[in-house]
Amino acid sequence: MSNYLVELKGVTKRFPGVVAMRNMSLQIRPGEIHGLIGENGAGKSTLIKVLTGVHIPEEGSIYIEGNKVSFKNPNEAATAGIACVYQELNIVKLLSVTDNIFINKAINKKGSPFLDYTKMHEIAHEVMLSLGQDIAVKKECGSYGMGIQQMVEIAKAVLIDAKLIIMDEPTSSLGEKEVEQLMKTVRSLKEKGIAILFVSHKLEELFELCDRVTVMRDGEHILTKNTDELDNDSLISAMVGRTLDNQYPKIEAEPGAEALRVEHLNSAGVLRDVSFHANHGEILGFAGLVGAGRTETFRAVFGADPYDGGEIYINGEKVVIKSPKAGIRCGMAFLTEDRKGQGLVLSQSVRTNLILSNMRRCTKGLFFDEKQIDQLAEENISDLKIKTPTADEVVGQLSGGNQQKVVIGKWINTNADIYIFDEPTRGIDVGAKVEVYNIMNRLVRAGKCVIMISSELPEIIGMSDRVIVMREGRIMGELSRKTDVLNQEIIMKAAWGGEIR
Amino acid sequence: EQKTVSKPTATENTSSGDITVGVILKTLSSEYWGYVAAGVQAASKDLGVKVDLQGPASETAYDEQNNMIETMLSGGVDAFVIAPLQSDSVASVIGDVKIPVITVDTDAQIPGKVSFVGTGNDNAAYLGGTFAAKKAGKGAKAAIIGGVEGNATSDARQAGYTKALEENGVEVVSVQYAQSNPDTAANVMENIITAQNGDIQIVCCHNDDTAAGASNAVKQLGLKDVIIVGFDGNQSGVQNIIDGNITATCAQAAYTMGYQAVETALKAIKGETVETFVDTGCEVITADNAEEYLNTLKGYLK
Amino acid sequence: MKTKKMKEILGKVAPLLALVLLFIILSLATEKFFTLNNMMNILRQTAVNGLISAAMLVVLITAGIDLSVGANAILCACMMGMLKTSFGITNSLVLILVCIITGVFIGFLNGILLTKMHLPHPFVSTLGMKNVLCGLALFVVSTKTISDFPAAVTFLGSSNLFKVSGGFSGIPLCFIVLILIYIVYHFFLNKTALGRMIYCVGGNPEAARLSGINSDNILIFVYSLSGFMCSIAALVIVGRSAVANPSAAISPYDTDAIAACIIGGASFMGGKGTIWGTLIGALMISTIRNGLTLLNTSSSVQYIVIGLVIIAAVFIDVTRTRMEAKAKRLAAK
Amino acid sequence: MKTKKMKEILGKVAPLLALVLLFIILSLATEKFFTLNNMMNILRQTAVNGLISAAMLVVLITAGIDLSVGANAILCACMMGMLKTSFGITNSLVLILVCIITGVFIGFLNGILLTKMHLPHPFVSTLGMKNVLCGLALFVVSTKTISDFPAAVTFLGSSNLFKVSGGFSGIPLCFIVLILIYIVYHFFLNKTALGRMIYCVGGNPEAARLSGINSDNILIFVYSLSGFMCSIAALVIVGRSAVANPSAAISPYDTDAIAACIIGGASFMGGKGTIWGTLIGALMISTIRNGLTLLNTSSSVQYIVIGLVIIAAVFIDVTRTRMEAKAKRLAAK
Ligand SMILES: Nc1ncnc2c1ncn2[C@@H]1O[C@H](COP(=O)(O)OP(=O)(O)OP(=O)(O)O)[C@@H](O)[C@H]1O
Ligand SMILES: Nc1ncnc2c1ncn2[C@@H]1O[C@H](COP(=O)(O)OP(=O)(O)OP(=O)(O)O)[C@@H](O)[C@H]1O
Ligand SMILES: [Mg+2]
Ligand SMILES: [Mg+2]
């Protein structure tokens, strides 16, 4: 009898054009919380999908409690006691929360072919409560926000009698409060003797939660160690293969003239009297809890959504922006928080996506200037270190972080004046994060205005010149790096409803 | 009334065996045209000529028929028999042919046409309409259930029925189309009965399938003594007459049409004199002659 | 809270209201419309489309489509015809059995093409299948229309309950059976695990797959079920028209069924649609057809009205959903 | 590296190979097939479907569908017929202009329904539109078939170049025009910003919109373009058949066009498809129809073969893609 719950030995998985995982090994002990970390495209999600039978590896073997297994589909893995919360949400939006939680499980009325909904609703409500969510489980899942949908995913996994629950970046779309709740849940699962494989790009979470951590790089196993034997720097250097001297490479630049001013922006039910301004040559951070209305504010400003009232001034001039096209013409770039749904055309090539926002400018006469486009794409790929076989690769095949870089590239190419980054580092690794920060720095240095919406306070604090805190569609206050002390506590307090000062 | 075909080509003394007659019917996917085809084939065997027999998938596939004509004419046939779906369009596709052309079933002004073999849909419908009107007597009310509106065949049958009914003092109170689908015909019939408060004595249909659907609806709604006239004289239609579901059907001599079309074509190829109109006749099949007619039909398809 | 519930209920019965409105308009247009017997006519005329719409609904829920439904039904009818004429079989049980087996088998084939042979979208495979079935229907009966089916075969499509000779035309058996089938459907779709999985597969196939649902088997089942409904429709068709006519296979049964489902709230994107909505959709179409015939309108007007109704129905549905969303947003604070 | 390129090229010409194979088979089956005049026939018979397929292709690329293409073309033809009979207009220029305006306007309407009126999937709106157009076509010419169009109107569909009386039947002008249009299409779709935007809107309309592409305008343009192609098809139809026949509006032009596009590699999911693939698809369909006619097969066999070819074509395509992916995966180092 092996003392490992799950063991991978020499597993290799290939995709067209890439080896996503090479000779990988991993051991998970019963009842431990095992962290898994690595750069974007390191092969974490692939490893998980091999474990759950979604992908079938070409080489290597998997053992569960010492027995060799080979899963052909997720059902077999579930039967063997492996549950998984995948990186991409797998919610059936039109079905109720209960139905989603019981998606592969059914409770029938005794001796009847029909489902016992009374009981199912009850259990679903209980599970959601235990995750800190007191919600109406009969409602359509799609009517709830990302955070709750993520919790539903976790509830699904909890409900299966699993020995191992895998969570692939479960916190990437959660706010602080939900993250805390999740951590509590994870710990209580551990107490029940369930092992957890926890993937995250947020190092603090790993240190706080995990017993042991495994680091992957380029599809290979780098190290597995107890968390207390590791520190931030050693973990990062194992991940990226070099040391990162500064996680938040903030530069000081001289703020210039006002770039954007928003006055009394109102949108029924979402925004109330939002007024603020942003300058050239500064990074303006927007903090707040999930659903605070930050995204809504900038969707309205950018012209993606209509709004009910208010004025927008760009470089001091009043503008009326009714469509994203107009927004771009006014010199704005808006990096959306949902890259798959709103940022990329997944079925098109990296090259096409990179010029998506300025196609008309890439033409010579009637036709495309292919040479210019090729050159641009090559530049973007090397500048942003996008990991892709060629510029002709379909974007949908890239790993999440690399997809994010393509979206950034797209906006860089528009040569805008005001850059709005909505959760720019969501789901990308530490190394890549620094690259994104450096891109912001480069923009600021060139005198551009950068607005960063983020739910990660450390990055808000680390990178912003000024911070605006929002709550329930209102601006709660503003903090400046020059005059105030930026710290987590003050911002959180504002986000939770207290006034600043 | 007679026409001698001037012989441009040297087929004068060829034996029949080397002669090919191209035949394009309106479709091969219906029973009626099956009889025409059977006649064509019988003539081919009896007279020792080759026939190239084709037809589009349905009676609304005009384009397909035009394509067939093109394809066949470029393949080299000695005479051409056509049942045009759309006369003007066939005329334009045929263009300046050098071979004799014979229309069958439906006449049309076509270049090179030497003869029409058939009765004409309007004539047959006229006969059926007259029968029904006489039987019902003056002052009766009639409904007509058509095939597809705007279609040449439908128009001809429509004209024939209407003329006969009106001449005999019968009022046509409703004209509806059922897309030649018996199931739709049943729906339409029910609605017509409702619209007329059941005051309908005659139903003239554009084909036997439609008549079957209409008769079933009449039966279900419990109407009595409604005269239902079909068209085509198919086996199922005639069987329905024997069973008492349908009163009569307008039968054109489909088999004879096919046979005589090939015969006429052969004559024309050989340079003999041909009638410009070969009347193959039509008859109204009723309970009196249905059995006999059914046997004849079955005989054709041996 | 109470007005919210009211609104929700209103949202659900909105298509029903449209139907009622249609009834009122037609009643005003002609006094022949709102009579007991004409109501029975409408029910009678709804049966075939209702059954085929039930066949279409399940595949629409899975984000698929089945263009072969009409051709399938006609082939089923023609298979019975072939047995009767070519093999002299007149045993109703055998005929009905063959009819059902044919329908289910064709549906099963559609499912296999989609899943095991990985054909991209069922639009293509079922379009191909429709052509094949049209050909087969003509082939099995040698292009002849077949009549004279045994009474037990035509029973379903031709019987009327409580018929009064010369008076009440009777409640059509086929509609009663339709309702029974719809009730079974309702429970199946809403109250069983399999039914829910069908919505799942349609709503988010990737989620279904990752949750360990065997989408392939579910899809094969769904298309077979669709085929089964077609075979029942075939029995009604034969009963109503008393004949099996092979050339009817190209008739646009499929578009009528799609229209009924969409009017009733189903979506091409899958994951949506209810059987009662479909019933209303089917009733709406036959009511319009009925009314237009009563008014003795020409084919051209009938086409135009049906087309406009299809567009209007979805337009109303979409607008309602948008309005609701907006109201919700305004009410949020 | 070299074999990889070879394979890529092979992948691209695979549908072409299927067409060549079909040619070889048919040449062996009947000596009437591979003659110069019959080749010209095939080209002639491809023109209408080729034009309508071009109309369909752009909408398929945007993940849409346009079921109203055939009815649109027939309505365009009937509009010319109406002007001629009801208003006595015989000026060809006016007729052709009205034909094109009608087609583009109907397409524009489809685009508006989809975008500005937010109808869900164009399947529904264009299905409704198809019905409306069928009715309008019957209506404008009072259900009568119109013939005797001026020569300039029928010119496009009926002229043949290098015709030798009694010998070579000539190269059909309509096919030459088709090829010219396809060349323009090719450059438009592949080499212009607007063309690429069409693919992007098909792949992800919301992302396209947020990237500053006005998806609505692009979709309206695409449907209008589709309508424009229909009006050109109308001219060819009138030229080829010499008449405008309103009842042809329900003919399944749309399914033939969809089949051609899909055989040629387009997808219902949007974002895929090339004009040359579509040409091969259209040629394939007319070649099969032509061959089956030459072989004198019955309608039932024709239906079956066409159905099987549709299924086989996509099956081959899907299997090829899967094989390629597999080979690429095994080759990954
Ligand atoms: N279905 C697929 N087809 C082709 N390539 C794939 C596929 N899935 C993943 N890959 C490739 O495999 C590699 C590993 O991807 P994976 O998603 O496992 O990375 P990851 O470590 O989870 O990254 P991230 O942190 O960005 O989520 C990447 O190079 C990716 O492009
Ligand atoms: N988790 C959620 N639960 C419920 N509603 C939500 C949630 N997330 C967003 N919303 C809805 O969206 C509105 C504004 O959200 P928005 O996305 O603008 O917030 P945000 O501050 O950008 O948060 P995020 O961190 O999610 O981007 C909220 O008023 C709410 O209606
Ligand atoms: Mg991942
Ligand atoms: Mg947000």
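In the text below, chain A, chain B and the rest are named by the order of the sequence lines, each starting its count at 1.
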Please flag which part of A:I103 lies under 4.5 Å from any non-hydrogen atom of chain C: side chain, backbone, both or neither.
both
Working to the nearest 0.5 Å, report the span between CG of A:N75 and CG of C:L210.
11.5 Å
Portion of A:K49 that has a non-hydrogen atom of chain C nearer than 4.5 angstrom
neither
Spacing of CD1 belonging to C:I213 relative to CG belonging to A:N73, to within rounding of 0.5 Å:
12.0 Å
Where on C:N190 is there a heavy atom nearer than 4.5 Å to chain A: the side chain, the backbone, both, or neither?
backbone
Among A:D116, A:I160, A:I91, A:N100, who wins on heavy-atom pairs under 4.5 Å with chain C?
A:I91
Hey, could you give me the CD/OG distance between A:E153 and C:S211, rounded to the nearest 0.5 Å?
7.5 Å
Rounded to the nearest 0.5 Å, how far does CZ of A:F102 lie from SG of C:C200?
13.5 Å
Heaviest contributor of heavy-atom pairs below 4.5 Å to chain C, chosen from A:V54, A:D99, A:T79, A:L95, is A:D99
Does some side-chain heavy atom of A:K93 sit less than 4.5 Å from a side-chain heavy atom of C:N204?
no
Is the backbone of A:A106 close enough, under 3.5 Å, to the side chain of C:R196 for a donor and an acceptor to pair up by distance?
no
Flag if over 12 foreign heavy atoms under 6.0 Å of CZ, C:F188:
yes
Can you tell me how far CZ of C:F187 sits from OG of A:S112, rounded to the nearest 0.5 angstrom?
10.0 Å
How about CZ on A:F114, more than 12 heavy atoms from neighbouring residues, nucleotides or ligands closer than 6.0 Å, or not?
yes
Which pair of heavy atoms, one from A:P74 and one from C:R209, lies closest together, and at what distance?
CG-O, 3.2 Å
